[in-house]
Amino acid sequence: MTYTGVAGRTYVVTGSASGIGAATAALLRERGAEVIGCDLGEADIQADLSTPAGRQALVDQVTERGPIDAVLAIAGGGRTGLLETNYFGTVATLEGLRPLLAQSEAPRAVAVSSTASLDPADERVVQACLDGDEAAAVALVEAEPSIGGPTGAYGIAKRALNRWVRGAAPTPEWAGAGIALNAVAPGVVDTPAAAWILASEDVRTAVETAAPQPFGGFPGRPQWVAELICWLAGADNRFVTGQIIFADGGAEATMLGDLHWR
Ligand SMILES: NC(=O)c1ccc[n+]([C@@H]2O[C@H](COP(=O)([O-])OP(=O)(O)OC[C@H]3O[C@@H](n4cnc5c(N)ncnc54)[C@H](O)[C@@H]3O)[C@@H](O)[C@H]2O)c1
């Protein structure tokens with residue numbers, strides 16, 4: 001089988017101004033792909049994906065530009081609009097661009113989740129997310145600031161995202177249209193979003209201890225995650241869909257591997 005790579009394909013990359021999104025956009029461009037970057041910060045398309053208007057602006061502007069081959073929903077993080085950006089913005093980006101994406105000969109989509117998705121999550125909020133009820137999900141979180149596990153609403157948003165990817169990938173709209181849809185769940189990666197983790201000795205030690213012999217080293221590099229995203233979203237991925245793939249140096253396998261396989 002000939003490796004076709006990413007050259008000549010067009011990728012929409014959200015979160016392109018920093019961290020994992022910037023590393024992915026750079027890798028794609030280096031390998032000959034065309035990238036349409038979207039971010040709150042400097043990007044081809046500036047849009048705030050925490051709002052319905054920003055999500056619509058992204059879909060409209062990408063659609064105006066013409067055909068695409070992959071959508072990489074990477075924008076997110078743990079600062080503000082935790083549910084709004086990490087769940088609703090991500091799903092709206094993927095769903096909004098799905099009809100355009102389906103016209104590609106090798107359409108692919110990737111959502112970026114997190115190992116925080118493994119934290120205990122409040123099922124009511126997860127369900128409100130999956131129901132598409134943004135107001136209800138946000139109201140639940142606002143009413144109970146200590147909701148969820150150590151990563152709060154961020155972890156809940158990423159848990160809901162995992163569930164959405166698992167549910168959507170095999171449906172006629174995605175698999176039936178030939179679109180591979182996967183999630184990549186990074187562990188701690190050296191980007192501005194993880195600065196607070198890396199700055200705290202306690203948190204850093206706790207995370208390092210979770211995977212005592214981290215594969216690749218700690219913290220991860222954005223490029224290591226970008227490589228995986230690029231492959232999943234490339235034409236060479238002919239058989240992988242509906243997966244939540246942890247790129248975390250072994251943290252998930254160390255912490256929860258037993259739970260998954262028991
Ligand atoms: N760095 C980590 O340790 C880590 C771990 C697990 C998951 N992640 C996930 O990886 C993804 C990328 O994060 P990163 O680490 O590269 O962080 P980062 O802060 O370096 O980059 C995130 C980018 O997303 C953009 N963004 C945030 N909110 C947005 C919004 N409402 N609309 C448009 N753009 C927005 C930011 O402007 C920024 O450019 C996020 O989804 C994050 O949750 C990161």
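All values derive from a computational prediction rather than experimental measurement. The analysis underlying the following values was restricted to heavy atoms, covering all of them including side chains, and did not include hydrogens, waters or symmetry mates. Order of listing sets the numbers, starting from 1, for every ligand and every atom in it.
Scanning the protein heavy atoms around atom 8 (N) of ligand 1, the nearest turns out to be Y154 OH, 3.6 Å. Of all protein heavy atoms, the one closest to atom 40 (C) of ligand 1 is I74 O, 3.2 Å. Distance from atom 39 (O) of ligand 1 to its nearest protein heavy atom, with residue and atom name: D39 OD2, 2.6 Å. Among all non-hydrogen protein atoms, the one lying nearest atom 28 (N) of ligand 1 is T85 CG2, 3.7 Å. When only non-hydrogen protein atoms are considered, atom 7 (C) of ligand 1 lies nearest to S113 O, 3.2 Å. What sits closest to atom 34 (N) of ligand 1 on the protein, heavy atoms only, is L40 N, 3.3 Å. Closest to atom 3 (O) of ligand 1, if we only count protein heavy atoms, is V189 N, 2.8 Å. Distance from atom 18 (P) of ligand 1 to its nearest protein heavy atom, with residue and atom name: S18 OG, 3.5 Å.
L118 and L161 fall within a single hydrophobic cluster, where Ile, Leu, Val, Met, Phe, Trp and Tyr are joined by side-chain heavy atoms under 4.5 Å apart, directly or via other members. One hydrophobic cluster, built from ILVMFWY side chains closer than 4.5 Å, cannot hold both W224 and I245; they sit in different ones. Under the 4.5 Å side-chain heavy-atom criterion for ILVMFWY residues, no single connected hydrophobic cluster contains both F246 and F215.
With S16 contributing its side chain and C38 its backbone, the two residues share a donor-acceptor pair below 3.5 Å. The backbone N or O of L28 sits nowhere less than 3.5 Å from a side-chain atom of R9 that would complete a donor-acceptor pair. Looking only at distances, a side-chain donor or acceptor of T14 sits under 3.5 Å from a matching main-chain atom of I74. Although no hydrogens or angles enter the test, the distance criterion places a donor-acceptor pair under 3.5 Å between the side chain of R108 and the main chain of N237.
Remark: E227 does not engage R221 in a salt bridge, criterion side-chain N to carboxylate O under 4.0 Å. Taking the charged nitrogens against the carboxylate oxygens, E144 and R124 do have a contact shorter than 4.0 Å, which makes a salt bridge. With respect to the salt-bridge test (charged N to carboxylate O, under 4.0 angstrom), the residues R29 and D44 qualify. In this structure, R204 does not pair ionically with E201, as no charged nitrogen and carboxylate oxygen lie closer than 4.0 Å.
Compare A193, G76, G21, A75 by their heavy atoms: the one nearest to atom 22 (C) of ligand 1 is in G76. The residue from D48, T51, V112, T191 that puts a heavy atom closest to atom 1 (N) of ligand 1 is T191.
Counted by atom type alone, T151 and D119 present one or more donor-acceptor pairs between their side chains at under 3.5 Å.
In this structure, G81 does not count as a contact residue of ligand 1, since none of its heavy atoms falls inside 4.0 Å of the ligand. Look at G89 and you'll find every heavy atom at least 4.0 Å from all atoms of ligand 1. Look at G187 and you'll find a heavy atom under 4.0 Å from some atom of ligand 1. Within the 4.0 Å heavy-atom cutoff, E84 does not count among the residues contacting ligand 1. Heavy atoms of A116 come nearer than 4.0 angstrom to ligand 1 in no pair at all.
Looking at V71 and V62, their side chains never come closer than 4.5 Å, going by heavy atoms from C-beta outward. Residues V225 and V112 are not in side-chain contact: their nearest non-hydrogen atoms beyond the backbone lie 4.5 Å or more apart. A heavy-atom distance below 4.5 Å is not found between the side chains of L58 and Q56.
Checked against a 3.5 angstrom limit, the closest N/O atoms of K158 and ligand 1 fall inside it. Polar contact check, S114 against ligand 1: no nitrogen or oxygen pair lies under 3.5 Å apart. Annotation: C38 places no N or O atom under 3.5 Å from an N or O atom of ligand 1; distance criterion only. Ligand 1 has no nitrogen or oxygen under 3.5 angstrom from a nitrogen or oxygen of V188.
Atoms of ligand 1 lying under 4.0 Å from any heavy atom of N86, numbered from 1 in the order shown and given with element: 43 (O). Within the listing of ligand 1, atoms 16 (O), 20 (O) sit less than 4.0 angstrom from a heavy atom of G19. Interface of I20 with ligand 1, defined as ligand atoms under 4.0 Å from a residue heavy atom, comprises 10 (O), 16 (O). Within ligand 1, the atoms closer than 4.0 Å to a non-hydrogen atom of G15 are 23 (C), 24 (O), numbered from 1 in the order shown. Near A47, the atoms of ligand 1 lying under 4.0 angstrom from a non-hydrogen atom of the residue are 32 (N), 33 (C). Which parts of ligand 1 touch P192 is read off a 4.0 Å heavy-atom cut-off, strictly below it: atoms 20 (O). Remark: ligand 1 atoms within the under-4.0 Å shell around heavy atoms of L49 are 30 (C), 31 (N), 32 (N), 33 (C). Per-residue contacts place P186 under 4.0 angstrom from the following atoms of ligand 1 (heavy atoms of the residue considered): 5 (C), 6 (C), 7 (C).
Other residues, nucleotides and ligands place more than 12 heavy atoms under 6.0 Å from the CD atom of E123.
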